[in-house]
Amino acid sequence: MALWRAYQRALAAHPWKVQVLTAGSLMGLGDIISQQLVERRGLQEHQTGRTLTMVALGCGFVGPVVGGWYKVLDRFIPGTTKVDALKKMLLDQGGFAPCFLGCFLPLVGTLNGLSAQDNWAKLQRDYPDALITNYYLWPAVQLANFYLVPLHYRLAIVQCVAVVWNSYLSWKAHQH
């Protein structure tokens with residue numbers, strides 16, 4: 001509980017920084033889980049650079065983009081009723097999620113040194129599966145998030161659930 005209170009104080013004092021650092025930390029954790037539990041690389045074969053890339057993506061892309069999206073969404077649909085939460089979820093999953101994945105996957109490819117042609121081929125191969133998998137998890141999570149969670153905690157809640165999602169994305173983005 002002391003850790004949670006410290007997080008709340010830091011979030012209140014520096015909301016943007018804390019949200020971005022939370023996203024980066026949890027993206028890194030997702031990659032560690034992917035490498036160690038999904039891919040079973042072991043500590044000797046762990047790709048630290050890959051983990052640091054995912055942390056950088058979390059801090060430099062995921063945190064700012066998703067955090068900013070939630071602010072825009074809350075201004076566009078300011079209410080907190082069940083209907084408002086449903087509208088937010090539909091916009092999030094119908095508009096934002098496809099665009100976000102369409103940017104995230106090639107960004108990882110670029111950071112991993114893929115050529116434009118290889119990146120495009122990888123996006124064409126991986127995007128449909130990633131988007132379908134997204135729809136298994138995120139609509140229910142986002143509906144609850146938009147209905148039950150105050151705006152300043154949404155990114156943190158999503159990123160906690162996203163540890164599993166980030167593990168999947170890291171695995172998907174790093175498949176050859």
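If you're wondering where the values come from, they're calculated on a predicted model, not measured in any experiment. Hydrogens, waters and symmetry mates play no part in the numbers below; they use all other heavy atoms, side chains included.
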Chemist: CG of L123 to CG of L107: how many Å apart, nearest 0.5 Å?
Modeler: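 One finds 11.5 Å between CG of L123 and CG of L107.
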Chemist: Decide if atom CD of Q124 counts as having more than 12 heavy atoms of other residues, nucleotides or ligands within a radius under 6.0 Å.
Modeler: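 Atom CD in Q124 is crowded, with more than 12 foreign heavy atoms closer than 6.0 Å.
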Chemist: Are V38 and W165 co-members of a hydrophobic cluster defined by side-chain heavy atoms under 4.5 Å apart?
Modeler: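 Yes, W165 connects to V38 through the hydrophobic network.
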Chemist: Indicate the atoms forming the closest heavy-atom contact of A97 with N134, along with that distance.
Modeler: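 It is CB-ND2, 3.8 Å.
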Chemist: Determine, using ring centers only, whether Y153 and Y70 are less than 6.0 Å apart.
Modeler: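 That pair fails the under 6.0 Å test.
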Chemist: Fit a plane to each ring of W69 and F96, take the angle between them on a 0 to 90° scale, and name the class: parallel (under 30°), tilted (30 to 60°) or perpendicular (over 60°).
Modeler: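 The rings of W69 and F96 lie parallel, inter-plane angle below 30°.
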Chemist: Report the C-alpha separation of L3 and Y7 in whole Å, then their side-chain angles, then the decisive distance to 0.1 Å, and conclude whether the side-chain contact (heavy atoms from CB on, under 4.5 Å) test is met.
Modeler: CA-CA 6 Å; L3 188 59; Y7 179 81; 5.9 Å; no
Chemist: Nearest 0.5 angstrom please: I157 CD1 to Q142 CD, how far?
Modeler: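 Rounded to the nearest 0.5 Å, the CD1-CD separation comes to 11.0 Å.
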Chemist: Evaluate the criterion side-chain contact (heavy atoms from CB on, under 4.5 Å) for residue pair F146 and D92; output intermediate values, then yes/no.
Modeler: CA-CA 10 Å; F146 294 135; D92 182 68; 3.9 Å; yes
Chemist: What's the separation between atom OG1 in T48 and atom CD1 in I32, rounded to the nearest 0.5 Å?
Modeler: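 Interatomic distance, T48 OG1 to I32 CD1, rounded to 0.5 Å: 8.5 Å.
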Chemist: In this structure, would L101 and Y135 fall into the same cluster of hydrophobic residues linked by side-chain contacts under 4.5 Å?
Modeler: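 Linked within one cluster.
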Chemist: Atom CG of L11 and atom CG of L21: how far apart are they, to the nearest 0.5 Å?
Modeler: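 Going from CG on L11 over to CG on L21, the span is 11.5 Å.
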Chemist: Show the nearest heavy-atom pair for residues C59 and V20, with the distance to one decimal.
Modeler: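 Closest heavy-atom pair between C59 and V20: O-CG1, 3.0 Å.
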Chemist: Of all heavy-atom pairs between F61 and C103, which one has the smallest distance, and what is that distance?
Modeler: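 Heavy atoms of F61 and C103 come nearest at CZ-CB, 3.8 Å.
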Chemist: What's the spacing between T51 OG1 and D31 CG if we round to 0.5 Å?
Modeler: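 If we round to the nearest 0.5 Å, T51:OG1 and D31:CG are 3.5 Å apart.
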Chemist: Taking ILVMFWY side chains as joined if any heavy atoms are under 4.5 angstrom apart, and letting links pass through other members, which residues group with Y136?
Modeler: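 Its cluster mates, by chain and number, are I132.
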Chemist: Please report the shortest heavy-atom distance between L105 and N119, naming the atom on each side.
Modeler: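 It is O-OD1, 4.1 Å.
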Chemist: Under a single-linkage definition using a 4.5 Å side-chain heavy-atom cutoff for Ile, Leu, Val, Met, Phe, Trp and Tyr, are Y168 and V161 assigned to the same hydrophobic cluster?
Modeler: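 Yes, same cluster.
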Chemist: Before you tell me yes or no, could you show the steps for M54 and S34 under side-chain contact (heavy atoms from CB on, under 4.5 Å), namely the whole-Å CA-CA distance, both residues' side-chain angles and the distance that decides it to 0.1 Å?
Modeler: CA-CA 11 Å; M54 295 303 281; S34 176; over 6 Å; no
Chemist: Hey, any chance F100 and M89 share a hydrophobic cluster, counting ILVMFWY side chains that come within less than 4.5 Å of each other, even indirectly?
Modeler: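 Cluster IDs for F100 and M89 match.
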Chemist: In the single-linkage hydrophobic clustering (I, L, V, M, F, W, Y; side-chain heavy atoms under 4.5 Å), do L143 and F76 co-cluster?
Modeler: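 They do share one cluster, since a chain of ILVMFWY contacts under 4.5 Å joins L143 to F76.
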Chemist: Does a sphere of radius 6.0 Å around CH2 in W16 hold more than 12 heavy atoms from other residues, nucleotides or ligands, not counting ones at 6.0 Å or beyond?
Modeler: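 Counting neighbours around CH2 of W16, more than 12 heavy atoms of other residues, nucleotides or ligands fall under 6.0 Å, so yes.
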Chemist: Considering non-hydrogen atoms only, spot the tightest contact between G30 and S167 and give its length.
Modeler: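 Here G30 and S167 meet closest at O-OG, 2.9 Å.
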Chemist: Under 4.5 Å between any side-chain heavy atoms of F104 and V65, yes or no?
Modeler: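 F104 vs V65: side chains apart.
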Chemist: So which atom in P98 and which in Q93 form the shortest heavy-atom distance, rounded to 0.1 Å?
Modeler: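 That closest heavy-atom pairing would be CD-O, 3.4 Å.
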Chemist: With rounding to the nearest 0.5 angstrom, report the CZ to CD distance, R41 to Q47.
Modeler: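 With rounding to 0.5 Å, CZ (R41) is 4.0 Å from CD (Q47).
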Chemist: How about N112 and T53: does a side-chain donor come under 3.5 Å of a side-chain acceptor?
Modeler: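 No pair is found: no donor N or O on one side chain lies under 3.5 Å from an acceptor on the other.
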Chemist: Any side-chain heavy atom of V158 sitting closer than 4.5 Å to one from W138?
Modeler: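 SC-SC contact between V158 and W138 confirmed.
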Chemist: Ignoring hydrogens and angles, tell me if any N or O in the side chain of K88 forms a donor-acceptor pair with the backbone of G79 under 3.5 Å.
Modeler: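 Confirmed, K88 side chain pairs with G79 backbone.
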Chemist: For side-chain contact (heavy atoms from CB on, under 4.5 Å), just list the numbers for H46 and Q36, CA-CA rounded to whole Å, side-chain angles, deciding distance to a tenth of an Å, and then say yes or no.
Modeler: CA-CA 7 Å; H46 188 88; Q36 296 306 314; 2.8 Å; yes
